[in-house]
Asks: 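Quick one: this structure, given as structure tokens, is what I'll be asking you about.
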Amino acid sequence: MSDRRQMRVVTTACLCLLLLAAGSAPPAPAARADVSADRLSSLAEQGRFLDLLQVLRDQADEPAEPLLRSLERYEANESRRQAQRQEAYEQAMQTLAEELEADRLERALVAAIDAHRQARNKRDVLRDEKVRELVRQVEAAADNAEADADWIGALTYYQLLDVLFENQNRYQQAVDQARRHVRLLQVYAPEHFAELQEARRQARAEARAEAEPDTDDPAEPLDELAEDDPIVQLEHEPWEQRLEGVQLRMFRHALRQTARQHISGSGFVPLLRGAVEQLQTVLDTDALAEVFPGLGDEQQVQAFRKELNRIAATLDEPGAELSALQANQLLDRIDVANGRTVKLPEAVLAYELTEGATQTLDEFSSVIWPREQERFTRSLEGRFFGIGIHISRRNGQLVVITPLPNTPAQRAGVKAGDIIARVDGQESSTWSLDRAVREITGPEGTKVRLGLRREGETELVETEIERAEIAIESIRGWSYNDDHSWNWMIDPDQRIGYVRLSQFIPQSARDLDAAIAAMRDGGGLNGLILDLRSNPGGLLSAAIEVADRFIEEGPIVFTVDAAGRRTFEGAARRDRTYDKSLPLVVLVNEGSASASEIVAGALQDHGLATIVGARSFGKGSVQDPFRLDRGNAILKLTTQYYMLPKERIIDRRPDAERWGIEPDLAIDMTRAQQGRMLETRLEADTLWDAERRDEHARATDLLDEGLDPQLEAALLLMQARVVAGQMKIAKAKAD
């Protein structure tokens, strides 16, 4: 198998936090015969849990107690959720009116988004006159921000409008334009970018102080924008370091490969058009003149712009086509014109040409530059060297979320909640997460010194930790046991297991094997909930291996080219399949992409799993890596689509009416519910000191407090299946 095929990825895997597990149990008390097993299963499959509860209450003399208790808990949780949702909707609409009246547009827009998500009829929100007036005012504010070159303000407004209209691409062009300017400022003019950041942060702080005069807290980043919000970006790596090793010949090579190999088959013209437009955006970003003197010479800028316009006119001619030689000649013209006029450094010219060209493709095609290769390779291998901690940024500090079990950090006494104030003597409060990861990780056997600010300690806790290989954990269970191993049973009485698969890496299938074996050895396994929510993907080979554990024979996934021709088939092998049919429910949501969609879709097509949750992301394209400049850079290029056994292509293409994996049982979760669920899950997965364990959330809170309606539905469905199976066995014995 070629290196390229071996490196094939479904998408760049990233570390995410979500779950998995399974089990086999003693018979539960049987319901009376008039509550048929088929009736019970049918109601559960349709998500009619309250009807099922009523049936068991009305018709069962000796109901299946575990299922009945779970249904009664669901009834209470659902009543509470509905009341909370209505209250949140009414509060959001009231806040919208107040903020709009006070001309605090950003806060009003966030309230409108919240109301839209909480509403039962979302169209009513968008038709509301206050919302329509708000949209008009925000559009005007965004236009003014563009005119003032406040690209952070423009991007903020357009992104929020895009969220309000549920990413219907109504504002996509404006978002893309503002984002291009913001990226240029981030990379090349960080001081100017910081000024815009501070102005936007100050505006938010003033708006919050006016709306909430009793709070002393600083304005927080908007949850709606999360990491896309330019305000939350911190330290900026100098462009000379970021672009180290970037050369124009890398772009020439990437251009040739893309024109030949990309699935669009569109050739050189749109690639070069995008590249030229990106250079025009560079010329239109006035603040870059502070960095590149040639951009401050208006005569030279106009001369370069004139040549770019001539090239653009050639590319815009009807029916324009270019050979590789002609494309290269146009690049020569751009290179020569740049050297004669604004004199952008070669690395900048190559980098921006590449950015512009790849923006005309899909969102997953890109170039991995020299400084990014180590992280890219590590994401494929599923291994890295460090000390074993999960970290995040909270309230302007780098915080240890949790040390990982059996790692150098845990053995050194690093605790959840520790603030990383210093790394090897350097103040780290302004570091980005990327910088923190770079500084803390390193070669095996080397050491890093952390200065930790810890609750109850007046001085920094200094600790020196030796780096080691850290196994990336892609499989997690329901909760930690006392020895920090995973408890896989979400329902130990009914022997229902739960497994979270957060990404697909080489060892995922082996780790799943170990989890299944532990469940079976611990008392049997009656059913499994496989949680693929927020799983962004990973290796195609790992996805095939995991699906193969459940599918006895037949296709798992195909790859097809632009013409629909099959180029590869991943098929199940009988010898890899678990030795017993295992009832299976798979959880997916909007964050389930690529490899996770392949697994869920293949199991759905083979009729081996019920899919519960929300429609998945719709990332069904194949990226192949091509080495550039003798391996100094890598072109990650979309070359094919994935097709499921029933010939479904799941990729969300521009013209696609259907995409992703549609759940068999759709369970809606608002953003607020997702946030509370993730916060609780994260806290439950933290290795707290024994004396602090009872102060924090546990996994059972997700069900007891109704924080995860998707998981609750999956469990009810599995419990109903187990009880129905036990009823059938009991009936067969009685007959």
Side-chain angles (χ1 to χ4, degrees), residues 21-78 478 487-499 516 519-520 522-531 550 578 580-587 603 607-613 663-665 667 700 702-704 706 708-735:
S24 165
R32 220 175 59 201
D34 53 4
V35 185
S36 71
D38 289 341
R39 169 77 168 153
L40 186 150
S41 295
S42 175
L43 289 172
E45 294 285 347
Q46 297 174 59
R48 295 169 56 187
F49 300 121
L50 296 180
D51 291 342
L52 177 56
L53 173 60
Q54 194 59 49
V55 167
L56 289 180
R57 281 174 172 165
D58 291 346
Q59 300 182 28
D61 294 332
E62 297 180 25
E65 287 297 330
L67 177 58
L68 183 60
R69 288 196 300 270
S70 294
L71 288 167
E72 289 174 338
R73 178 177 62 192
Y74 172 82
E75 180 183 43
N77 287 340
E78 185 65 9
W478 176 237
N487 164 34
W488 304 103
M489 285 295 156
I490 189 172
D491 184 344
D493 294 329
Q494 298 283 52
R495 300 304 298 173
I496 297 172
Y498 173 83
V499 177
I516 296 293
M519 287 181 260
R520 286 178 166 161
L525 183 60
N526 283 339
L528 177 67
I529 297 172
L530 179 62
D531 197 334
F550 303 98
Y578 294 137
K580 178 184 175 182
S581 178
L582 181 64
L584 186 62
V585 173
V586 177
L587 283 163
L603 293 172
L608 296 173
T610 300
I611 311 301
V612 175
D664 301 300
L665 178 56
I667 304 295
T700 52
L702 293 168
L703 300 173
D704 293 341
D708 191 343
Q710 292 173 341
L711 176 60
E712 193 172 4
L715 179 58
L716 286 170
L717 179 56
M718 188 59 72
Q719 287 173 329
R721 284 183 176 175
V722 171
V723 170
Q726 293 165 347
M727 290 168 61
K728 289 179 180 179
I729 292 172
K731 187 176 185 301
K733 288 181 178 179
D735 293 343

Asks: With sequence neighbours excluded, tell me which residues meet side-chain contact (heavy atoms from CB on, under 4.5 Å) with L608.
Replies: I551, L603, H606
Asks: List in chain and number order the residues that pass side-chain contact (heavy atoms from CB on, under 4.5 Å) with N77, two or more places apart in sequence or in another chain; answer none if no residue qualifies.
Replies: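 Once residues adjacent in sequence are excluded, the partners of N77 under the side-chain contact (heavy atoms from CB on, under 4.5 Å) criterion are R73, R80, R81, E712.
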Asks: For a quick test of reading the model, state the closest non-hydrogen atom pair linking L665 to G47 and the distance between them.
Replies: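 So the two residues come closest at CD1-CA, 3.6 Å.
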Asks: Not counting sequence neighbours, list each pair that qualifies as a salt bridge (charged side-chain N to carboxylate O under 4.0 Å, His left out) and has a residue in residues 714-726.
Replies: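 Matches after skipping sequence neighbours: E45-R721.
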Asks: For the CG atom of L702 and the CG atom of D708, what is their distance to the nearest 0.5 Å?
Replies: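 Going from CG on L702 over to CG on D708, the span is 5.5 Å.
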Asks: For A44, give me all partners under side-chain contact (heavy atoms from CB on, under 4.5 Å), at least two apart in sequence or on another chain.
Replies: F49, L52, L717, A720
Asks: Roughly how far, to the nearest 0.5 Å, is the CD atom of E72 from the CG atom of L67?
Replies: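 CD of E72 is found 10.0 Å from CG of L67.
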Asks: Do L703 and I490 have side-chain heavy atoms sitting under 4.5 Å apart?
Replies: yes
Asks: Roughly how far, to the nearest 0.5 Å, is the CD1 atom of I611 from the CG atom of L530?
Replies: 8.5 Å
Asks: Taking atom CG of L711 and atom CG of D531, what is their separation to the nearest 0.5 Å?
Replies: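 Taking CG in L711 and CG in D531, the distance rounds to 6.5 Å.
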Asks: Using the side-chain contact (heavy atoms from CB on, under 4.5 Å) criterion, which residues pair with R48? Sequence neighbours excluded.
Replies: L43, Q46, D51
Asks: Any idea which heavy atoms bring V586 and A609 closest together, and the distance?
Replies: CG2-CB, 3.8 Å
Asks: Is there side-chain contact between Q719 and R69, with at least one heavy-atom pair below 4.5 Å?
Replies: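 Side chain of Q719 against side chain of R69, heavy atoms only: no contact under 4.5 Å found.
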Asks: Does D38 offer a backbone N or O that forms a donor-acceptor pair with the side chain of S42 under 3.5 Å?
Replies: no
Asks: If you define the side chain from C-beta out and look only at heavy atoms, does anything of Q494 sit under 4.5 Å from V723?
Replies: yes
Asks: Does L53 reach the side chain of L68, with side-chain heavy atoms less than 4.5 Å apart?
Replies: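 With C-beta onward as the side chain, the pair touches.
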Asks: Taking the side chain as every heavy atom from C-beta outward, state whether W488 and I516 have any atom pair closer than 4.5 Å.
Replies: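 The answer is no; the side chains never approach within 4.5 Å.
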Asks: What pair of heavy atoms forms the shortest contact from L40 to A724, and how long is it?
Replies: CD2-CB, 4.1 Å
Asks: Identify, with sequence neighbours excluded, every residue that meets side-chain hydrogen bond (donor to acceptor under 3.5 Å, both in side chains) alongside Q710.
Replies: R533
Asks: Holding to side-chain hydrogen bond (donor to acceptor under 3.5 Å, both in side chains), I want the full list of residues that pass it with S41, two or more places apart in sequence or in another chain.
Replies: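 With neighbours one apart ignored, the set is empty.
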